Structures are given as structure tokens and as C-alpha cells.
Peer 1: 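For reference, the structure I am asking about is given below.
Here is how names work: the chains are called A, B, and so on, in the same order as the sequence lines, proteins then strands, and each is numbered from 1. Everything quoted here is computed from the prediction, not taken from an experiment.
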Amino acid sequence: MSKPRHVGAKLILLALVCYFLLPVWWLLVASTKNSHGLFSGSGALWFDGFHLFGNLGDLFTYNNGEYLRWLWNSVLYAGVGGIGCTIVSVLAGYGFAMYRFTGRNLVFAAVLGSVMVPLTALVIPTFVMMSNAGLTDTIWAVILPSLLSPFAVYLMRVYTAGSIPDELVDAARIDGAGELRIFLQVALPLMRPGVVTVMLLSVVATWNNYFLPLTMLSSSKLYPLTVGIGLWEQLAASNNGGGQSLWNLIIVGSLVSVLPLVLAFLTLQRYWQGGLTVGSLK
Amino acid sequence: MTVITAKGTPETRVPTSSRRRHFRRDQIGWLFVLPFLVVFLTFLVAPLLYAGYLSLYTKGLATGTTFAGFDNYTRAFHDPAFRHGLWLVVRFSLVVIPLQIGVALVAALLLDEITGRLASFSRLMIFLPYAVPAVIGALMWGFLYSPSFGPMEQIASLFNVQAPFLLSQGNIFYGLLNIVTWQWSGYYMIIIYAALKSIDSSLYEAARLDGANARQIALRIKVPLVTSALVLILIFSLIGTLQFFTEPQIVSPIANGSVTPEFTPNIYAFNLAFRYAQFNYASAISFSLGFVVFLAVAIFTFATRKRGGLFT
């Protein structure tokens with residue numbers, strides 16, 4: 001199957017894979033070490049004893065199990081924020097693609113222009129607004145702003161326009177189906193790969209977000225994993241030496257925080273690999 | 001936008017009653033768009049206007065809140081801290097964007113050429129960093145750079161040399177360059193790859209019959225046909241890098257002071273707001289940064305308008 005002329009290409013590809021896997025490999029190996037192996041072991045890229053389960057046990061029990069609480073917060077924010085964002089964006093994309101309502105082009109131009117607005121520039125004014133409304137340091141301060149994704153709306157509009165034939169919608173209308181029913185029963189099943197893609201993108205964006213929760217939340221029991229691990233890192237770095245056991249927890253905690261999304265991407269690849277085509281084509 | 005056409009409204013003459021029915025049905029579109037519009041107005045338009053409003057006032061301990069006009073902006077663009085940060089992210093963008101796109105394009109072209117298990121495995125592995133939070137990506141590389149438990153020191157000692165500490169004052173630019181390239185190239189690769197897969201392969205057959213080799217096909221046919229994907233990536237990458245925050249913030253505790261409180265404009269605004277409670281000036285900094293980003297993207301979009309992309 002492989003032709004000799006592809007040897008060079010395959011070697012370059014392998015080199016790239018090694019580069020992209022290097023930190024992940026290091027993380028896997030380091031998660032199995034105790035702090036002795038981590039700091040004075042023989043090689044950073046190879047195993048030295050096997051303490052993964054001990055490390056996991058320490059991770060989940062440290063400081064009354066605050067890691068598990070952060071994990072749950074991340075799931076909550078990414079779940080509610082990400083899925084909420086998907087629902088809002090899919091509805092809007094469908095509305096923009098299928099109906100010529102008055103003012104549509106104007107509104108859509110505004111949405112498209114807002115893709116260029118750097119969202120982090122909005123974090124500080126949003127914080128002040130939330131603070132006036134008494135919502136800072138609550139889960140809503142993280143979840144509500146996560147519902148916004150102009151790019152997801154753009155993606156869903158393009159995807160809807162490309163995946164739903166006019167004839168099908170017309171036929172459903174002639175059969176007397178209402179507009180909501182057409183959306184739910186005719187259009188939505190056809191839009192599935194696009195919906196899964198947008199959902200993955202928005203869940204990833206919320207799960208990985210750092211700036212927004214860092215500014216909005218002040219009590220550590222509301223932190224998501226990203227902010228929590230950042231906090232541990234600061235603690236570990238500020239008491240040099242005394243914090244050695246915390247470095248172990250940071251490493252194994254990083255590993256655990258990466259797994260859910262990696263698994264989601266692996267199990268859903270059939271959908272998103274098709275769905276991502278859309279954004280690039282147009 | 002040239003690509004999107006409305007559906008369901010044929011442009012032929014239709015009886016008035018039917019046209020009215022069309023009109024009424026089309027207004028249902030508002031209901032679908034409404035939830036998004038509420039979010040859009042609350043969390044984009046309102047904060048934007050509010051930031052603009054805040055930035056026009058100053059708050060002094062003795063004087064209270066007073067209208068300052070454009071004083072905060074004059075101050076911002078004369079503030080060496082803001083200017084240094086801005087200059088850093090501009091320089092960083094100029095290097096990291098071509099680098100990321102180069103890596104992504106090479107990977108995508110190789111993956112388009114090769115089929116089989118190696119290719120699909122490589123595609124997933126190169127994409128993998130996208131699923132890793134930027135916080136964790138920065139931490140992992142920070143560890144790898146670390147002299148106390150990273151491999152760089154061990155590898156260098158095999159050759160009897162001292163490994164460079166990539167988070168030192170002089171090297172942190174490169175240290176961060178590597179982290180950002182690692183984090184985002186895979187995502188861009190997937191976008192280019194998807195665009196490559198949508199090219200009609202009969203074009204390649206025709207080129208091959210004309211005697212073109214694989215490299216010529218890649219450079220003369222494939223790359224020009226994915227230009228719109230490249231433009232899209234460039235815009236994303238530009239918006240992302242000018243807002244640089246997470247990676248330098250995360251490596252800062254282990255970088256021995258290389259990451260100053262005004263390292264990037266976003267870090268500066270964050271510290272102004274949450275360390276010194278200068279929300280008005282912080283808003284002016286945010287707004288100025290937003291303006292620079294908007295301007296950069298607008299100029300870039302205008303310059304590449306013939307090449308397609310998001311806003312053709």
C-alpha cells in the first residue's frame with residue numbers, strides 16, 4: 001500500500017506527531033511518579049516506579065477533595081454553558097438561513113462584524129456590570145457570558161443553508177407541518193454533524209476558559225479546573241521546596257482535566273471531522 | 001457575503017395573498033434569532049458600550065468620579081507600559097501567525113497526500129492539543145522547560161552543555177512562541193485539511209496528465225484553492241494573539257519575573273482592574289486594545305478581500 005516516494009512525507013509526519021505528543025507523553029509518565037522520581041529521577045521522559053493510583057488518591061482527597069469540586073464545576077459550566085450556547089446558536093443560525101425576515105441582513109452584518117471584537121476586551125466591563133447586578137462570584141457570572149458565540153451562529157447559518165434542501169421544507173409545509181415542527185423533525189436531524197461540531201467547539205471553549213472565571217469568581221469553591229490548577233501552581237511556586245508534593249498533584253490533576261475532552265473528540269470524530277468542513281469552505 | 005443565499009423565497013411573481021403569507025412566515029425568523037439576540041445585546045453590545053462609557057470617566061480618591069473625555073485614551077497611548085505590551089503582542093503575532101500557518105499547512109498537505117492508518121492516527125494526534133486547555137498546555141511546557149525536572153537539562157547534559165532556560169527574560173518570547181504554536185496548529189491543520197478534502201480530485205488527474213509532480217500540484221493547485229481557509233485562520237489567529245493572556249499568566253509564577261504585570265495589554269488591564277481597582281483606566285486599556293484588534297482585522301480583511309474568507 002505504501003509507495004516508496006512517500007517515505008520522506010511519512011518521516012516528516014512522524015516528526016510532527018512526536019513534537020505534538022511530547023508534552024502529553026511527559027504528562028503521562030510524570031503522573032506515575034512520586035515526588036522523589038519527579039525531582040531526582042533518572043530521566044524525565046521515562047517511567048520511574050508506578051505511583052499513579054497513589055497520586056490519584058492524593059489528588060481526590062487533598063484539601064477536603066477540592067479537586068473533585070473543581071471538576072464538577074467544570075462539568076457544570078461546560079455542560080450548561082456549552083449546551084446552552086449550542087441551542088441558542090443553532091436556533092439563530094437556522095433562523096438566519098431559512099427566513100427572510102425584515103432587518104435580517106442588517107442584524108446578521110452586526111453579528112458577523114462582532115466576530116472581530118476581541119471577547120476578552122469585554123471581560124472587565126462585563127465584570128463591572130455583573131458586579132452591579134450582584135452576580136459576580138456566582139455560577140451565572142461564568143455560564144451566562146459563555147452563551148455568546150457569534151462564530152457559532154455564522155457556522156450554523158452556513159451549515160443550515162448547505163444541508164437542508166428547499167424541496168423538503170416545502171413538502172413538509174404542504175403536508176401542513178408547522179414551522180417549529182419542521183425545524184425539530186425535518187431540519188434538525190439533517191443538521192446533526194453541524195450541531196455536534198458547534199457543541200464540541202463551545203463545550204471546549206467553556207471548559208478551557210481561564211480569563212472569564214478568573215475575573216468573575218473569588219471563592220475557590222466555585223473555581224473550574226483551569227483556575228483551580230492555576231491557584232495550586234501559584235501556591236507551589238511561592239513556597240519553593242515545601243510545595244513539592246503539590247507539584248505531583250498539579251501534574252496528575254492536569255492529566256485528569258485533559259481526559260474528558262480528549263475522549264469526547266475521539267468518540268465523536270465521525271461528526272466533527274465532517275462538520276468542520278463548513279467553516280473553511282466558504 | 002456572497003455564499004449565503006436565502007432559502008424558501010422564489011423570486012418569481014406570486015399572487016399577493018401568497019406573498020403576504022410568505023412575508024408573515026418570514027417574520028417567524030425573528031423568533032428563532034431572538035434568544036441569541038438577547039445574549040448578544042446583554043453580553044456583547046452592552047459591555048462594549050459600558051466599557052466605552054467607563055473609559056470616559058476617571059475616579060479619584062478625593063475628587064470622586066469625574067468626566068474626563070478622551071484623557072484616559074491619551075494617557076493609554078502615552079503609557080509606556082501599555083505601549084510595550086502592545087508592541088510585544090504585535091511582534092509576537094508577526095512571528096507566531098506565519099509559523100502556525102506554516103506548520104498547519106505542511107501537516108495538512110502531507111495528510112492529504114498520504115492515506116492509511118498512519119495518516120488518520122497522525123491527524124488525530126496533531127489535533128490533540130486543541131482539546132487541552134491553554135492553562136494545561138502552558139503548564140506542561142513550563143515543566144518541560146524547567147531546569148529542576150524537565151528533560152531539556154538532562155538532554156543537554158549528555159552533550160556537556162547548559163540548556164537554555166526558555167522562560168528567562170531573554171528567551172521567554174521563544175518559549176511562548178513554542179507553546180502557542182503547539183496549542184493551535186492542529187486546529188488550523190484540521191480546517192485546512194477539510195478544505196483540501198473538498199477539492200475535486202479530477203483537477204489533480206488533469207494536472208498529472210499534463211506532467212505535474214506532487215509538489216507542483218500541492219503548490220500550484222492545492223494551496224491557491226484553500227486560500228479562503230488560510231485567510232479565515234489568519235483572522236482567528238490575529239484576534240487570538242493580540243489578546244494574549246492565559247499562557248504568559250500561567251508561566252509567570254515559574255518564570256522568575258520575566259512576565260511583568262504589564263507584559264501584554266490584557267495582563268496589564270487585568271492587573272489595573274483587580275490589583276489596583278482602576279476600573280476606568282482598565283476599561284480604556286481594554287477598549288484601546290479592542291480598537292487595535294478591530295483595526296488590524298479590518299485592514300487585513302480589506303487587503304485580502306479578493307481572496308475570500310469570512311467577509312467577502
Peer 1: What part of B:L139 is in contact with chain A, defined as an atom under 4.5 angstrom from a non-hydrogen atom: side chain, backbone, both or neither?
Peer 2: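 B:L139 touches chain A through side-chain heavy atoms alone.
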Peer 1: Which bit of B:V135 comes within less than 4.5 Å of chain A, counting heavy atoms only: side chain, backbone, both or neither?
Peer 2: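 Looking at B:V135, just its side chain touches chain A.
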Peer 1: Would you say A:F151 and B:F236 make side-chain contact, with heavy atoms under 4.5 Å?
Peer 2: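 Of all side-chain heavy-atom pairs linking B:F236 with A:F151, at least one is under 4.5 Å.
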Peer 1: Taking the inter-plane angle between the rings of A:F127 and B:F274 on a 0 to 90° scale, is it parallel (under 30°), tilted (30 to 60°) or perpendicular (over 60°)?
Peer 2: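 Rings of A:F127 and B:F274: perpendicular, as their planes differ by over 60°.
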Peer 1: Which atoms of B:N213 are under 4.5 Å from chain A, going by heavy atoms: the side chain, the backbone, both sets, or neither?
Peer 2: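 Contact with chain A: none, neither part.
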Peer 1: Can you tell me which of B:L48, B:L238, B:V45, B:V38 forms the most heavy-atom pairs within a distance under 4.5 Å of chain A?
Peer 2: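 Greatest number of close heavy-atom pairs with chain A: B:L48.
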Peer 1: Pick whichever of B:V226, B:L37, B:L44 has the most heavy-atom pairs under 4.5 Å with chain A.
Peer 2: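 Greatest number of close heavy-atom pairs with chain A: B:L44.
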Peer 1: So what's closer than 4.5 Å to chain A heavy atoms on B:A46: side chain, backbone, both or neither?
Peer 2: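 The answer is both parts of B:A46.
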Peer 1: Check each atom of A:V90 against the heavy atoms of chain B and say whether the ones under 4.5 Å are side chain, backbone, both or neither.
Peer 2: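 Contact with chain B is absent: no heavy atom of A:V90 under 4.5 Å.
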Peer 1: I want to check something: taking the side chain as every heavy atom from C-beta on, are B:W30 and A:Y99 in contact at a cut-off of under 4.5 Å?
Peer 2: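 No - every pair of side-chain heavy atoms lies 4.5 Å or more apart.
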Peer 1: Could you report the tightest heavy-atom contact between B:L144 and A:P23, atom names first, then the distance?
Peer 2: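 The answer is CD1-CA, 3.8 Å.
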Peer 1: Top residue by heavy-atom pair count (under 4.5 Å) with chain A, among B:T246, B:I250, B:V132?
Peer 2: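 Option with the greatest count: B:I250.
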Peer 1: Looking at B:P47 and A:P125, what are the two nearest heavy atoms and their distance?
Peer 2: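 Of all heavy-atom pairs spanning B:P47 and A:P125, the closest is O-CB, 3.4 Å.
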Peer 1: Mind listing the closest non-hydrogen atom pair of A:I124 and B:A269 along with its distance?
Peer 2: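 Scanning both residues completely, I find the closest heavy atoms to be CD1-O, 3.5 Å.
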Peer 1: Select one option (side chain, backbone, both, neither) describing which atoms of B:I136 are under 4.5 Å from chain A's heavy atoms.
Peer 2: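 Side chain only.
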Peer 1: Is the backbone N or O of A:F20 less than 3.5 Å from a side-chain atom of B:W182, with the two atoms forming a donor-acceptor pair by type?
Peer 2: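 Yes, B:W182 side chain to A:F20 backbone: donor-acceptor pair under 3.5 Å.
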Peer 1: If I take atom CZ from residue A:R104 and atom CD from residue B:Q27, how far apart are they, to the nearest 0.5 angstrom?
Peer 2: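 Those atoms lie 11.0 Å apart.
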Peer 1: Using every non-hydrogen atom in the two residues, find where B:V33 and A:A92 come nearest and quote the distance to one decimal.
Peer 2: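 It is CG2-O, 3.9 Å.
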Peer 1: Using a cut-off of under 4.5 Å on heavy-atom pairs, state which of B:L54, B:N266, B:V106 scores highest against chain A.
Peer 2: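 Most pairs with chain A among the choices: B:N266.
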Peer 1: With only heavy atoms counted, which part of A:Y19 is less than 4.5 Å from chain B, the side chain, the backbone, both or neither?
Peer 2: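 Its backbone and side chain both get close to chain B.
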Peer 1: Can you say whether B:L109 sits under 4.5 Å from chain A via the side chain, the backbone, both, or neither, judging by heavy atoms?
Peer 2: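 Neither; nothing under 4.5 Å.
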Peer 1: Looking only at heavy atoms, which two atoms of B:F36 and A:P150 are closest? And how far apart?
Peer 2: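 Nearest pair, atom of B:F36 first, then A:P150: CZ-CA, 4.2 Å.
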Peer 1: Applying ring pair (Phe, Tyr, Trp, His ring centres under 6.0 Å), can you list everything that pairs with B:F43, at least two apart in sequence or on another chain?
Peer 2: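 For B:F43, no residue satisfies ring pair (Phe, Tyr, Trp, His ring centres under 6.0 Å) once neighbours in sequence are set aside.
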Peer 1: What part of A:I250 gets within 4.5 angstrom of chain B, counting heavy atoms only: side chain, backbone, both, or neither?
Peer 2: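 The side chain, not the backbone.
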Peer 1: So what's closer than 4.5 Å to chain A heavy atoms on B:P35: side chain, backbone, both or neither?
Peer 2: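 Contact with chain A involves both backbone and side-chain atoms of B:P35.
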Peer 1: Taking the six-membered ring for Trp and the full ring for Phe, Tyr or His, determine whether the centres of A:W247 and B:F143 are under 6.0 Å apart.
Peer 2: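 Centroid distance A:W247-B:F143: below 6.0 Å, so yes.
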Peer 1: By a 4.5 Å heavy-atom criterion (distance strictly below it), what part of B:F287 contacts chain A: side chain, backbone, both, or neither?
Peer 2: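 Neither part.
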Peer 1: Got a second to check how far B:I126's CD1 is from A:L16's CG, nearest 0.5 Å?
Peer 2: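 Interatomic distance, B:I126 CD1 to A:L16 CG, rounded to 0.5 Å: 5.0 Å.
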Peer 1: Check each atom of A:L225 against the heavy atoms of chain B and say whether the ones under 4.5 Å are side chain, backbone, both or neither.
Peer 2: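 A:L225 has no heavy atom closer than 4.5 Å to chain B.
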Peer 1: Measuring heavy-atom distances to chain B, does A:V204 have an atom under 4.5 Å in its side chain, in its backbone, in both, or in neither?
Peer 2: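 Side chain of A:V204 only, per the 4.5 Å heavy-atom cut-off to chain B.
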Peer 1: By a 4.5 Å heavy-atom criterion (distance strictly below it), what part of A:F211 contacts chain B: side chain, backbone, both, or neither?
Peer 2: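 For A:F211, heavy atoms of backbone and side chain both lie under 4.5 Å from chain B.
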Peer 1: Contact part of A:S89 toward chain B, heavy-atom cut-off under 4.5 Å: side chain, backbone, both or neither?
Peer 2: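 Contact with chain B is absent: no heavy atom of A:S89 under 4.5 Å.
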Peer 1: Measuring from atom OG of B:S122 to atom CG of A:L13, what distance do you get when rounded to the nearest 0.5 angstrom?
Peer 2: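 Atom-to-atom, B:S122:OG and A:L13:CG are 4.0 Å apart.
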Peer 1: Examine whether an atom of B:F121 lies under 4.5 Å from a heavy atom of chain A, and if so say whether it belongs to the side chain, the backbone or both; otherwise answer neither.
Peer 2: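 The side chain, not the backbone.
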Peer 1: Quick check on A:L200 against chain B: is it the side chain, the backbone, both or neither that has a heavy atom closer than 4.5 Å?
Peer 2: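 Contact with chain B is absent: no heavy atom of A:L200 under 4.5 Å.
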Peer 1: Calculate, to the nearest 0.5 Å, the distance between atoms OH and CD belonging to A:Y210 and B:E247 respectively.
Peer 2: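 One finds 11.0 Å between OH of A:Y210 and CD of B:E247.
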Peer 1: At a 4.5 Å cut-off on heavy atoms, which part of B:A107 comes close to chain A: side chain, backbone, both, or neither?
Peer 2: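 Its backbone and side chain both get close to chain A.
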Peer 1: Does the separation of the ring centres of B:F32 and A:F96 fall below 6.0 angstrom?
Peer 2: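 No - the distance between ring centres of B:F32 and A:F96 does not fall below the 6.0 Å cut-off.
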Peer 1: Tell me every residue that passes side chain to side chain contact (heavy atoms under 4.5 Å, CB included) with B:N271, counting only those two or more places apart in sequence or in another chain.
Peer 2: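 If we apply the side chain to side chain contact (heavy atoms under 4.5 Å, CB included) test to B:N271, skipping adjacent residues, the hits are B:P261, B:I267, B:R275.
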Peer 1: With side chains defined as the heavy atoms from C-beta onward, is the minimum distance between B:I28 and A:M98 less than 4.5 Å?
Peer 2: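 No; the side chains remain at least 4.5 Å from each other.
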Peer 1: With distance as the sole test, does B:D26 use its side chain to make a donor-acceptor pair with the main-chain N or O of A:R100 at under 3.5 Å?
Peer 2: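 Yes, because the side chain of B:D26 sits within donor-acceptor range (under 3.5 Å) of the backbone of A:R100.
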Peer 1: How far does CG of B:L118 sit from CG of A:L14, to the nearest 0.5 angstrom?
Peer 2: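 Those atoms lie 5.5 Å apart.
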Peer 1: Is it true that a side-chain atom of A:W207 and a backbone atom of B:A131 form a donor plus acceptor pair closer than 3.5 Å?
Peer 2: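 No, because the side chain of A:W207 does not come within donor-acceptor range (under 3.5 Å) of the backbone of B:A131.
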